[in-house]
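Report on one structure; see the data block that follows.
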Protein chains: 2
Amino acid sequence: MKKIQVIVAEDQAMVLGALAALLETEPDIAVCARAANGREALALVARHKPDVLVTDIEMPEMTGLTLAAEVRERHPQTRVIILTTFARPGYLRRALDAGAKGYLLKDRPSAELAEAVRRVYQGLRVVDPDLALEAWDSGPDPLTDRERQILWRAGEGKSSGEIAEELHLSEGTIRNYLSEAISKLGASNRVEAARLARARGWL
Amino acid sequence: MKKIQVIVAEDQAMVLGALAALLETEPDIAVCARAANGREALALVARHKPDVLVTDIEMPEMTGLTLAAEVRERHPQTRVIILTTFARPGYLRRALDAGAKGYLLKDRPSAELAEAVRRVYQGLRVVDPDLALEAWDSGPDPLTDRERQILWRAGEGKSSGEIAEELHLSEGTIRNYLSEAISKLGASNRVEAARLARARGWL
DNA sequence: AATACCGGATGACATCTGTCACCTCGCTTT
DNA sequence: AAAGCGAGGTGACAGATGTCATCCGGTATT
């Protein structure tokens, strides 16, 4: 009997080790490699051709979402499960667009991880139902690229003038984009707008 | 031979299960209970009287820092290790004030967890050296309680007027406190000030 | 009783933000 | 060629924000 071969990618080393230990307790699952970031994960997938890749989203070098897209492109026999803290509709949508087969939250019981690995290995999809619902009715990302760039910087505390300089635009234009983003998000100022966008995974 | 009895507290169920699995792989350590929040952890410590409590900081019901203080007060035979994502000097300082014997970051290798448990069990302290240094020279929290309250709300995107109403103060006073906080932190506006304070664990 | 101190309030001023109507220029579409 | 569109810019205005000097009323200090 051969075990399901899994690679785990996660930037917090302690959590990475712990997740691997968790999966190793299952008799039908083997962790054949561990990655601390997206780039490393991609290389390890190429080398080991695992059945399943379990990956976090927010990682240095390469985000879990682009990693998922790369893996689908270059190693379609490996199925991807996104495992993240963030119940953000925007993340879920992007994950599915990137070809991920599973989207699992870190606040679910730990037993669900092994179960998800098995399901996905069998060709099924695994998506948190509450989150899927929320993703559905919170609609798609309404922001344009410019708005996103600008809102991001505003959320860091930069002034309109600073942002203008950084992006080689006029200050008035920055204010226009921010105004537009604020109204799209139903916020009452740039800070709240940035918060809302972050919470939905649009930033 | 009796194993070191450990309780783990962590609000992300998946991570909780994984950490427990990790510790269970050690022959000399046993996880006798798991808690999903601070209040639960305190109750379980009372019931099991473990040797060591490993706890996250940011948890619902009761934060890991107040939990540490409670445990020192009521169950001094249990030593506390704080295990967190955040390399924030302010957190470290508060953790040590609360009587924690260890402060470990989630991006350290997973092997260090078991090692820290053993060390602390033997009565030693375990503190990340880089972080300790940083805590030293970033100085103590310069903010007053009022400033903290107000800066917190400002960071959520509330306007001076809203904050004033919420705290039953005048709007001018709010602006004065914010101005003071901004200058103490060397920021150039409320948003940046809130970011800096958060990053240092002062918020 | 005089002093100092502290939390809070005022008022004035300069600057930054948010909004809106309108303009320009380059690129599709037909 | 004409119309339409989209990214970016301008100008004006109201309101929010940041700064400062100053004031007020308790509460310790001495």
Side-chain angles (χ1 to χ4, degrees), chain A residues 90 93-94 97 138-203, chain B residues 90 93-94 97 138-203:
Chain A
R93 189 175 296 250
R94 279 194 265 162
D97 285 351
S138 92
D141 184 346
L143 300 175
T144 67
D145 288 346
R146 268 296 189 224
E147 286 162 359
R148 226 189 318 282
Q149 282 179 57
I150 292 171
L151 194 52
W152 171 271
R153 286 166 175 77
E156 285 184 290
K158 296 195 171 134
S159 71
S160 306
E162 288 170 319
I163 300 174
E165 203 163 343
E166 200 171 334
L167 300 182
H168 310 293
L169 293 176
S170 97
E171 181 177 336
T173 302
I174 299 299
R175 295 221 298 278
N176 287 338
Y177 278 115
L178 277 172
S179 179
E180 183 62 18
I182 289 168
S183 97
K184 277 181 179 176
L185 296 171
S188 61
N189 58 52
R190 50 179 72 193
V191 186
E192 195 187 347
R195 263 190 9 109
L196 288 174
R198 264 195 291 266
R200 299 212 200 334
W202 292 335
L203 225 85
Chain B
R93 189 175 298 248
R94 280 193 265 161
D97 285 350
S138 92
D141 186 346
L143 301 175
T144 67
D145 287 345
R146 267 297 191 224
E147 287 162 358
R148 227 190 317 282
Q149 282 180 54
I150 291 172
L151 194 51
W152 172 270
R153 286 164 173 79
E156 283 185 291
K158 296 195 171 135
S159 71
S160 306
E162 288 170 319
I163 300 175
E165 202 164 341
E166 199 171 335
L167 300 182
H168 311 291
L169 292 176
S170 97
E171 181 178 336
T173 304
I174 300 297
R175 296 221 298 279
N176 286 338
Y177 278 115
L178 277 172
S179 179
E180 183 63 18
I182 289 167
S183 96
K184 277 182 180 176
L185 296 171
S188 59
N189 59 51
R190 52 178 72 193
V191 186
E192 195 187 347
R195 264 192 5 109
L196 289 173
R198 263 195 292 267
R200 299 208 196 343
W202 293 334
L203 224 82

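Everything numeric in this text was worked out from a predicted model, so none of it was measured. Proteins come first, then strands; the chains are lettered A, B, ... in the order of their sequence lines, and each starts at number 1.
Heavy atoms of B:Asn176 sit under 4.0 angstrom from at least one base atom.
If you measure from atom CG of A:Leu169 to atom P of D:dT10, you get 11 Å, rounded to the nearest angstrom. Atom CD in A:Glu171 sits about 15 Å away from atom C1' in C:dT19, given to the nearest Å. Straight-line distance from the NE2 atom of A:His168 to the C1' atom of D:dG9: 17 Å, rounded to whole Å. Atom CZ in A:Arg175 sits about 14 Å away from atom P in D:dC13, given to the nearest Å. Atom CD1 of A:Ile182 is separated from atom C1' of C:dT17 by 8 Å (rounded to the nearest Å). As rounded to whole Å, 13 Å separates atom P of D:dA21 from atom CD of B:Glu180. Straight-line distance from the NZ atom of B:Lys158 to the C1' atom of D:dT17: 18 Å, rounded to whole Å. The distance from atom CG of A:Asn189 to atom P of D:dA16 is 11 Å, rounded to the nearest whole Å.
Summarising the geometry, atom CG belonging to B:Asn176 is positioned 10.0 Å from atom OG belonging to B:Ser160; distances are rounded to the nearest 0.5 Å.
Salt bridge annotation for B:Arg94-B:Asp97: absent, with no cationic side-chain nitrogen under 4.0 angstrom from a carboxylate oxygen.
At the phosphate of D:dG8, OP1 or OP2 sits under 4.0 Å from a side-chain N or O atom of A:Arg146. For the pair B:Thr173 and C:dA9, the criterion of a side-chain N or O lying under 4.0 Å from OP1 or OP2 is met. Proximity of A:Ser160 to the phosphate of C:dT17: a side-chain N or O atom is located under 4.0 Å from OP1 or OP2. One finds no side-chain N or O of A:Ser159 lying less than 4.0 angstrom from the OP1 or OP2 phosphate oxygen of C:dC16.
Take B:Glu156 and apply the side chain to side chain contact (heavy atoms under 4.5 Å, CB included) test, not counting sequence neighbours, and it matches A:Arg195, B:Trp152, B:Arg153, B:Lys158.
In terms of position on DNA chain C, the residue among B:Thr144 and B:Gly172 whose nearest nucleotide sits closer to the 5' end is B:Thr144.
Using a 4.5 Å heavy-atom threshold, the side chains of A:Trp202 and A:Leu151 count as separate.
Summarising the geometry of B:Arg146 relative to B:Tyr177, their closest heavy-atom pair is CB-CE2, 3.9 Å, with the distance given to 0.1 Å.
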